[in-house]
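Heads up, the thing below is written out as structure tokens.
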Protein chains: 2
Amino acid sequence: MSSKARATQIDVARLAGVSQAMVSYVVNGNGAVKIPDETRKRILEAMQTLGYVPNALARGLRSGRTKTIGLVIPDNANPFFAEVARFIENIGFENGFSVILCNSDYDLDKENAHVDVLLAKQVDGVIFCSSGGTSEAQQKLRDGKTPWVTLDHDISGLQTGSVLIDYELGGYLATRHLLDLGHDRIGCITGPTQFSSSTERLDGYRQALHEAGRSVDPTLIVPGDFRIRGGEAAMLALLKLDHPPSAVFAFNDLMAIGAMQGARIHGLQVPAEMSIVGFDDIPLAEALHPTLTTIAQPISEIARVVMMILLGQVQGGAGVPAPKAFNRVVLKPSLVVRASSCAPGPSNPGATG
Amino acid sequence: MSSKARATQIDVARLAGVSQAMVSYVVNGNGAVKIPDETRKRILEAMQTLGYVPNALARGLRSGRTKTIGLVIPDNANPFFAEVARFIENIGFENGFSVILCNSDYDLDKENAHVDVLLAKQVDGVIFCSSGGTSEAQQKLRDGKTPWVTLDHDISGLQTGSVLIDYELGGYLATRHLLDLGHDRIGCITGPTQFSSSTERLDGYRQALHEAGRSVDPTLIVPGDFRIRGGEAAMLALLKLDHPPSAVFAFNDLMAIGAMQGARIHGLQVPAEMSIVGFDDIPLAEALHPTLTTIAQPISEIARVVMMILLGQVQGGAGVPAPKAFNRVVLKPSLVVRASSCAPGPSNPGATG
DNA sequence: CTGAAAGCGCTTACAG
DNA sequence: CTGAAAGCGCTTACAG
């Protein structure tokens, strides 16, 4: 048995003494054709005997559907994206879709290469979590006819479904929280500056400062890379300033964790001597010590909405768009106050004078 | 352009004034056929003009290769598996392979369903990180002719490539470390007990205890679920014992993190009043506070070896097995001592008398 | 209810 | 160097 080639519908048909079409009808449960129980049973038995496995390639080529979607994210090792991927895959599985995982590594060329492959593989849809900016990959998706949904916040006239996160609001909430606690000098560890998801958080930071009548000190804004090590390095850089901050807002939780380490390396207590706020609310945020104050992204909600939009378009059939109301959804992040932020201590140089 | 159907090789051939075969040769760079530069250029231009994208389904159907592999893991939201997936995908990308991500959720039925789909989709290979035990899915893989590599430690005569982790050694090292520190009562938070990766760690635990002339107290062994919450609950259960442990070995880092929380909920200091050792060495282990002592699995090495074996079989062509030497690789975990473990305090009831 | 047949887009010998 | 053609395994009208 293991020496023979894989059985096909023709083999099954032959063994069951029916035509190939009958086998196909049984496999696909086509309701338009009624097959006598006796015949169906014979076919099923033949399939069993031969260990028949349908060839999804042939089916896809013929039907134009592959039951596969592509997921492009920057980095699956980041717990936030790992969670996103987990939820997406789960919903896909429940609906009979496989997901091809693509990590772009915040690299536009890689992103582009991945989209090429996904399109060549005839995926039924693509979930595109851009590394930021308008890329070649995004252009291809835009020009093509494969349904796709973006998780970016690039609202420049997208002609597709998009789930947007209000990053600016997130940046505002984080900063506002620290201002409310009495912090005056608030550091900022950003993501790679070319990405819109970074600049938007930064806009929120600035807005909160302005609203409170504070000026923005550019030396307090240091770039990170969305990774732990980058957060640590950024915190150490901030602590070398003549007037270091008493609180730091890191643009994601991973960097916030690194910032905590950086503070400790410097001998500072968190939060007593250094408040830290993150962004994402990864599951580990509340397992840290101290637990991490952060801006929560509604991960499962994001995944749910994205898949609803995408599968709506995919299953609606070619050219039938999803209900207009679902095409653009803005999800709000929210502040989750935990133990890593508190009012500045009296001895803290960064405290309100 | 967006209203037309996707261009095919026939369209390109027509526009370039050549036969379809020529287009195919250009696309695949078949060295056996020499195409004049002028002709090649015309074809390339026509492809550009029409926005030609090869149909990987047709190619796969014809050639028998899909340049796609399947990855079955229990849970991508677990940082350990997220890392594994990340490395696998990366190596796949470098070699021109896409990866279909499948989460089994420690559920044998789901595992089985995923393998069915992967086989139907004609993947070139499967990486199978079993949830444990001999499952239907594993049987199908064994019977089929699709190359596959297992990450399990089920050595019961596997006729396939396998990368094994010496979990027993890991369990031994963790326990031995705690014994060496002077702990007498060492708790154990296991994984789901039906899985061999759990029982093997437990064997190591027992062995270390026996070797030190200690008996195994079954009340100190509590089951976990490989998740943070489960670790916390297990720790709380351990602390309710009449004779609670002074140290705990959790079977993965996620549960170790939960155990830390559980200890804190109970008002215990880690490590002064409760030592904790994990397993995996996820990137966050050294970012925790205190940093986590754990048994490190060589994640990147695991991914590298798995892919080397799998791609060797895939690219070696049907029926040509990889070099025998690569077919079974046992990787050793190692102890990484950090700050979450120390000698028991004098006031600690679990300390050596 | 059942069968013969076209065709999805490609690769690959096989002739010229 | 170039073209005509078979065939990968399936789905789906179309006749009987």
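Reminder, nothing fancy here: chain letters follow the sequence lines and each chain counts from 1. The structure displayed is predicted, hence computed values, not measured ones.
In summary, the side chains of A/N103 and B/N90 do not present any donor paired with an acceptor at a separation below 3.5 Å, with no hydrogens or angles considered. Between B/T66 and B/Q122, the side chains place no donor N or O within less than 3.5 Å of an acceptor N or O (distance only, hydrogens not considered).
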Would you sort out whether B/E45 and B/R42 count as a salt bridge (Lys or Arg N to Asp or Glu O under 4.0 Å), showing the intermediate values?
CA-CA 5 Å; B/E45 280 172 4; B/R42 266 210 329 279; over 6 Å; no
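The only option from B/I91, B/T68, B/L310, B/V314 that meets the side chain to side chain contact (heavy atoms under 4.5 Å, CB included) definition with B/F97 turns out to be B/V314.
Side-chain N/O atoms of B/Q122 include none lying less than 4.0 angstrom from OP1 or OP2 on D/dC8.
Note on A/K121 versus A/D116: no salt bridge recorded, every NZ/NE/NH1/NH2 to OD/OE distance being 4.0 Å or above. Using a 4.0 Å cut-off between a side-chain N of Lys or Arg and a carboxylate O of Asp or Glu, B/E83 and B/R86 do not qualify as a salt bridge. Residues B/K67 and B/D124 are not paired through a salt bridge, judged by the lack of any N-O separation under 4.0 Å between the basic side chain and the carboxylate. Ionic pairing of A/K41 and A/E38 is not present here: no N-O contact between side-chain nitrogen and carboxylate oxygen is shorter than 4.0 angstrom.
Open room surrounds CD on B/Q48; 12 or fewer heavy atoms of other groups in view lie less than 6.0 Å from it.
Following rounding to the nearest Å, A/L50 (CG) and D/dG9 (C1') show an atom-to-atom distance of 15 Å. Distance B/K121 NZ to D/dC10 P: 15 Å, rounded to the nearest Å. With rounding to whole Å, B/K67 atom NZ is found 17 Å from C/dC10 atom C1'.
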Which atoms of nucleotides 2-5 of chain C (N or O only) lie under 3.5 Å from a protein N or O atom, and what are those distances?
residue: C/dG3; atom: OP2; partner: A/S19; partner atom: N; Å: 2.9
residue: C/dG3; atom: OP2; partner: A/S19; partner atom: OG; Å: 3.4

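Interface residues of residues 54-63 of chain A facing DNA chain D, ordered by number: A/P54, A/N55, A/A58, A/R59, A/R62; criterion, heavy-atom separation under 4.0 Å.
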Dot-bracket summary - DNA chain C, pairs being Watson-Crick or G-U whose distances fall under 3.5 Å, with | when paired to another strand:
|||.||||||||.|||
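Residues A/Q313 and A/G161 share a closest heavy-atom pair of OE1-N, 4.1 Å.
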